Amino acid sequence: MVKPIRDTDGPRHVAIIMDGNGRWATQRGRPRLFGHHAGARRVREVVEVCPDIGVKYLTIFAFSTENWKRTQVEVAGLMSLFRRYITREARALKEENVRVRFIGDRVRLDAKLVQLMDELEQLTSGCDGVNLTIALNYGGRDEVARATQRLAQDVAAGRLRPEDVNEETLPRYLDTHVLPDPDLVIRTSGEARISNFLLWQSAYAEYEFVDTLWPDFSAAELTRLVQGYGRRERRYGAVPA
Ligand code: FPP
């Protein structure tokens, strides 16, 4: 059976493509990494407002499989930022009852970062407040390809019959297998693209593209978008007179 498209008023799962850090920094005559650091500081405020606005799952796109094409300085700076972010925020996330998970391919990430990711997942595994999922070295096509590889291994080993491969069984192999599909996907910075983010999972999602550059995005703006989703749903659900 295909999952119902939506079953609540507000979006239970919001996913965000945090775009515009580089332009934000350039506008200020600063290096791109300055924008990424400012962007990282916005994450906490956005996570913190989620329980107040009924968002139970928040998934954020931190680094894509395509982002390796950036300069070595920027990639190294981002990796160092992720290590520092995890180290610095771990205690606060646990205290705020946030359960953190990472999606994406860990194989290409450095061992120290992967260790910190594992530790943060472990540290917050008992938290049952907001579910924060950080997509790191994530690409939707890469995820589907990796999932298909594991699925094929199960078929080859006789654990799954080819006729049982369907819309229910395939997502069990995705990185997101424990998460519901996103209801609302937001992209900041005025670009109207999905850039390989949650391709399978967003089949029925609503999209919001806002002009705000990510370092200027606020809890208030997220609240407005979440409330807008609720209004739109109620209108679409109306029975015509
Ligand atoms: C896109 O802006 C942003 C990224 C590639 C990195 C996103 C990372 C953060 C917001 C850092 C913090 C995240 C965590 C979880 C600590 P861009 O550089 O593509 O901006 P541009 O389009 O203006 O160049």
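Hydrogens, waters and symmetry mates are skipped; everything else that's a heavy atom, side chains included, is used. Atoms within a ligand are numbered from 1 in the order they appear, just like the ligands themselves. Values in this document were obtained by computation on a predicted structure and should not be read as measured data.
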Could [X] and [Y] be called an ion pair, given the rule that one side-chain N must be under 4.0 Å from one carboxylate O?
{"X": "Arg101", "Y": "Asp175", "result": "no"}
{"X": "Arg83", "Y": "Asp110", "result": "yes"}
{"X": "Glu221", "Y": "Arg224", "result": "yes"}
{"X": "Arg32", "Y": "Glu74", "result": "yes"}
{"X": "Asp183", "Y": "Arg12", "result": "no"}

Any side-chain to backbone donor/acceptor pair from [X] onto [Y]? Under 3.5 Å, distance only.
{"X": "Arg42", "Y": "Phe217", "answer": "yes"}
{"X": "Ser64", "Y": "Tyr138", "answer": "no"}
{"X": "Arg150", "Y": "Tyr173", "answer": "yes"}

Give me the nearest non-hydrogen protein atom to [atom] as residue plus atom name, then the distance to 0.1 Å.
{"atom": "atom 10 (C) of ligand 1", "answer": "Asn21 ND2, 3.3 Å"}
{"atom": "atom 20 (O) of ligand 1", "answer": "Gly22 N, 3.0 Å"}
{"atom": "atom 3 (C) of ligand 1", "answer": "Met18 O, 3.1 Å"}
{"atom": "atom 4 (C) of ligand 1", "answer": "His36 CE1, 3.9 Å"}
{"atom": "atom 16 (C) of ligand 1", "answer": "Tyr85 CG, 3.3 Å"}

Give the atoms of ligand 1, by number and element, whose distance to some non-hydrogen atom of [X] is under 4.0 Å.
{"X": "Trp214", "answer": "10 (C)"}
{"X": "Ala62", "answer": "6 (C), 7 (C), 8 (C)"}
{"X": "Arg23", "answer": "21 (P), 22 (O), 23 (O)"}
{"X": "Arg32", "answer": "17 (P), 18 (O), 24 (O)"}
{"X": "Asn67", "answer": "5 (C)"}

| query | Using a heavy-atom cut-off of under 4.0 Å, does the side chain or the backbone of Arg70 touch ligand 1, or both, or neither? | reply |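 Side chain only; the backbone of Arg70 stays clear of ligand 1.
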| message | Any heavy-atom pair between the side chains of Leu198 and Thr176 that's under 4.5 Å? | response |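 SC-SC contact between Thr176 and Leu198 confirmed.
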| task | Ignoring hydrogens, just give me the one of Phe82, Trp24, Phe63 whose non-hydrogen atom is nearest atom 14 (C) of ligand 1. | result |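 Comparing heavy atoms across Phe82, Trp24, Phe63, the nearest one to atom 14 (C) of ligand 1 lies in Phe82.
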| said: With a 4.0 Å cut-off on heavy atoms, is Gly20 in contact with ligand 1? | reply: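 Heavy atoms of Gly20 do come under 4.0 Å of ligand 1.
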